[in-house]
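Report on the structure given below.
Throughout, a chain's letter reflects where its sequence line sits, starting with A, and its residues are numbered from 1. What you see is a predicted model, and the numbers here were worked out from it, not measured in a lab.
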Amino acid sequence: NAGVTQTPKFQVLKTGQSMTLQCAQDMNHEYMSWYRQDPGMGLRLIHYSVGAGITDQGEVPNGYNVSRSTTEDFPLRLLSAAPSQTSVYFCASSYWGIPEETQYFGPGTRLLVL
Amino acid sequence: AQSVAQPEDQVNVAEGNPLTVKCTYSVSGNPYLFWYVQYPNRGLQFLLKYITGDNLVKGSYGFEAEFNKSQTSFHLKKPSALVSDSALYFCAVRDMSRRALTFGSGTRLQVQP
């Protein structure tokens, strides 16, 4: 199992550009989520999905879109990048249905918006 | 709404000494608590979790955590620290509405040789 994979590892964007952060998992997990990590703030939830075709907003969804067409993939789209979106982005997945399930994280994408 | 507090930005400890990284939580209902570790330029790795039962939870790499319901705490501990334990540690509680994790701000552990 590769677990949770993310691409790219690092990206530099100019303000106003768009891009898609990729996330895939091979554990057949129903639940997938995106977090951003900023210094001194821990990780904050952006969007999440409980299965293919179902997505919902987290704590900080503005400026980001998601879709879930397959169980394996959960891309995060930045439509018009802003410097405030400079952060490290983590994708996570787990089984759905019981709250004690462990979430598994990808290696992260470091994004710099100039 | 649930929340997690990690009151120490950094903890310094000498190699071989016991270490404690503090975490307090606030939830309505039963808490589902987790500890993760992040090494430099890496993702988060799961260490341990508390669901129910024994208040002392054992996890990976010799770490354990003590759940205290009356003090609403879930402190991470290790009897003898290693230099390789130096990393960023996050406490988290399950958000029952979204099934996501609500994280504390993180505590940087520095273990000196």
For B:Arg42, does the CZ atom sit with more than 12 other heavy atoms under 6.0 Å from it, leaving out its own atoms?
no
Cluster check A:Leu13, A:Trp34: I/L/V/M/F/W/Y, side chain < 4.5 angstrom:
yes
Answer with side chain, backbone, both or neither: which region of B:Tyr36 has an atom nearer than 4.5 Å to a non-hydrogen atom of chain A?
side chain
Checking B:Lys58 now: which residues fulfil side chain to side chain donor-acceptor pair (under 3.5 Å) with it, not counting sequence neighbours?
B:Glu64
What part of B:Leu101 is in contact with chain A, defined as an atom under 4.5 angstrom from a non-hydrogen atom: side chain, backbone, both or neither?
both
Backbone N or O of B:Gln45 within a donor-acceptor pair of the A:Tyr104 side chain at under 3.5 Å?
no
Cluster link A:Phe10 to B:Tyr39, ILVMFWY, side chain under 4.5 Å
no
Select all residues of residues 67-78 of chain B having any heavy atom within less than 4.5 Å of some heavy atom of chain A, and report them by number, or 'none'.
none
Linked, directly or transitively: A:Val4 and B:Val37 (ILVMFWY side chains, under 4.5 Å):
no
Answer yes if A:Phe105 and B:Tyr89 sit in the same cluster of Ile, Leu, Val, Met, Phe, Trp and Tyr residues linked by side chain heavy atoms under 4.5 Å apart, and no otherwise.
no
Is the distance between the ring centroids of A:Tyr35 and B:Phe103 under 6.0 Å?
yes
Sort A:Arg110 into side chain, backbone, both or neither according to what part of it lies under 4.5 angstrom from a heavy atom of chain B.
side chain
Once rounded to the nearest 0.5 Å, what's the spacing between atom CZ of B:Arg94 and atom CD of A:Gln103?
5.0 Å
Nearest 0.5 Å please: distance from the CZ atom of A:Phe90 over to the CD atom of B:Gln38.
4.5 Å
Pairs of heavy atoms under 4.5 Å with chain B: top-ranked of A:Leu45, A:Leu43, A:Val88:
A:Leu43
Between OH on residue B:Tyr32 and OG1 on residue A:Thr102, distance to nearest 0.5 Å
13.0 Å
Checking B:Leu33 against chain A: side chain, backbone, both or neither under 4.5 Å from a heavy atom?
neither
Max heavy-atom pair count under 4.5 Å with chain B, selected residue of A:Ser94, A:Ala92, A:Gly40, A:Gly108:
A:Gly40
Would a hydrophobic clustering, with Ile, Leu, Val, Met, Phe, Trp and Tyr connected at side-chain separations under 4.5 Å, put A:Val60 with A:Tyr64?
yes
If you measure from OH on A:Tyr48 to CG on B:Asp95, what distance do you get to the nearest 0.5 Å?
7.5 Å
CD/A:Gln37 to CG/B:Leu44 distance, rounded to the nearest 0.5 angstrom?
6.5 Å
Where does A:Ser33 contact chain B at under 4.5 Å (heavy atoms): side chain, backbone, both or neither?
neither
